[in-house]
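Chain A is the first sequence line, chain B the second, and so forth, proteins listed ahead of strands; every chain is numbered from 1. The shown structure was predicted, so the numbers you read here are calculated from the model rather than taken from an experiment.
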Amino acid sequence: MRELSLILAVTLALSACVPGRVQVDSMSGVGSDELLLVGRIELVPPLDPREQVLGSQAEELRGKAHAVIAGKFLKLDGKSFSTYSAGTIVELGRDFYVSQRRTKELYYSGSIVLTRSTARSPDPDWIELPGGIKFSVDSRDRAIYLGTIRYHRDAYNGITDVEFVDEYKRANREYVKRFGEEIKLRPAFPQPVKKLQAAREELQHAGESR
Amino acid sequence: MNSPLRIAGVLCLFLLLASCSPPIPKSPPVAGAEVERMSMVFGYIDMADAPSNLTQVQMKRMRPLDDKPYYGFGVKDGLFYRIDVPRGAYKFTKITGVKWNTVYNYKLEAQGKGDLDQNVQKPDLYFAGAWNYKPHKKGWFQQDEFELTPASSPSEREVLERILAVPGIWDKPYDLPGANGSKGELRS
């Protein structure tokens, strides 16, 4: 058990060195086979700095979420929450702009690292943000707006509600300021939460039966 | 759970046990406002089916936020107890055991209010329950999993009686037998 903990700690330490995808600030950072994704993740009540024990090497995760947006559903858990190259670190409560390889469908999952594993404190801790959220992509899309995903939590960090908030007008204004008007930002909202939850469970069952 | 009568009842029980047990527990050397602010959180885990015994129990104060949120417990024969717990929402995060020279850490559900977790709103006794460790073998090259299932016994009263019978429990109420440290220390 101790060996497994050590392996897990080393794996997490190494994986923390991989930043995943970085945010882009111009369309030149988006390849011809890629999309620009625009969205926002919020946590209610917001994260307090005292909730995150990160250490100097992982300070970049403070006040941020780890979002995984990929062409297939990826279940985040403690063993793999920061190991996907599809992952990106986004600031909570602010719009993100990331490039994404073009696929017909996009799946989102998220987590927030609360305690980073260290030699002194090998137990990682995190808040899993329910994922399995699907967005459809049109073949003509170059930039799509995913909306604001607002997670409500209780005192025990249980996610009690997930809201999808349409802030397209505001987000589009910011987008135009940064990227210009040449490429339109298309809203691509997800399905209603209940359907998403059912879809998520279905995906989980499918994954387990494989 | 939340009645002042319960505290009085336990104190009566304590006095009763004190009067008939050979190892005479001393009265707690805490009094007045200090006592009025404290709560006791306690419970029991049967580790008979676990690969180790039980040596540590840890809970985290989730609200209000605290710079040192981790609380250790006194542990004895599956019993766990802590008597100086202030108001707050608490989540049990980890239990630990030892067999031979190997330390076993069992991480509990990290998110959402679990069955053991407590919301300490006013000074009282908070029973985190009696539980059985149930292993789930996952096979070669996979880490075994486990769950804590409710135990039919001991009852809350039995757990309290056993705790009160622990020799020396009132000698150093802030340095409980088996606690291996004080509030706020992160232990692995």
Side-chain angles (χ1 to χ4, degrees), chain A residues 1-12 43-55 63 65 75-81 109-131 151-162 208, chain B residues 50-53 55-56 58-70 87-121 133 135 138 140-146 181 184-188:
Chain A
M1 190 70 75
R2 182 185 278 174
E3 287 77 6
L4 279 175
S5 296
L6 186 62
I7 291 167
L8 181 61
V10 170
T11 305
L12 287 170
L43 188 65
V44 181
L47 203 61
D48 186 287
R50 288 173 294 175
E51 291 183 82
Q52 290 184 292
V53 181
L54 300 170
K75 164 98 174 112
L76 293 180
D77 55 34
K79 295 168 193 162
S80 55
F81 66 85
S109 298
S111 68
I112 297 170
V113 176
L114 295 179
T115 304
R116 184 176 169 271
S117 182
T118 64
R120 189 163 179 270
S121 172
D123 297 326
D125 193 11
W126 64 94
I127 301 173
E128 185 175 342
L129 305 174
Y151 293 97
H152 295 259
R153 60 172 174 157
D154 60 20
Y156 300 89
N157 287 333
I159 300 299
T160 55
D161 193 17
V162 185
E208 287 163 6
Chain B
S52 73
N53 61 0
T55 56
Q56 289 182 22
Q58 185 187 76
M59 72 177 182
K60 182 179 181 182
R61 193 184 196 192
M62 306 293 289
R63 291 288 184 281
L65 293 172
D66 196 335
D67 289 335
K68 294 181 176 178
Y70 290 95
R87 183 184 64 83
Y90 291 88
K91 181 152 194 59
F92 281 82
T93 53
K94 187 174 72 171
I95 61 176
T96 302
V98 177
K99 186 169 187 182
W100 303 112
N101 288 327
T102 305
V103 175
Y104 290 81
N105 288 313
Y106 309 93
K107 200 166 190 307
L108 302 176
E109 193 65 44
Q111 197 170 343
K113 190 173 188 297
D115 292 330
L116 280 83
D117 301 337
Q118 300 296 316
N119 187 9
V120 175
Q121 294 180 318
Y133 177 99
K138 300 296 285 185
W140 289 98
F141 306 115
Q142 289 190 69
Q143 192 161 3
D144 291 342
E145 294 177 354
F146 74 97
E185 288 183 14
L186 264 173
R187 287 174 290 277
S188 57

Residues Glu51(A), Arg63(B): salt bridge by 4.0 Å N-O rule: yes
Partners meeting salt bridge (charged side-chain N to carboxylate O under 4.0 Å, His left out) with Arg50(A) (sequence neighbours left out): Asp48(A)
Flag, side chain of Glu128(A) to backbone of Gln111(B), donor-acceptor distance under 3.5 Å: no
Residue selection (most heavy-atom pairs with chain A, distance under 4.5 Å) from Ser52(B), Gly112(B), Gly88(B): Gly112(B)
Within residues 106-118 of chain B or reaching into it, pairs that qualify as salt bridge (Lys or Arg N to Asp or Glu O under 4.0 Å) - sequence neighbours excluded: Lys91(B)-Asp117(B)
Considering all heavy atoms, the nearest Tyr156(A)-Tyr90(B) contact: CE2-O, 3.1 Å
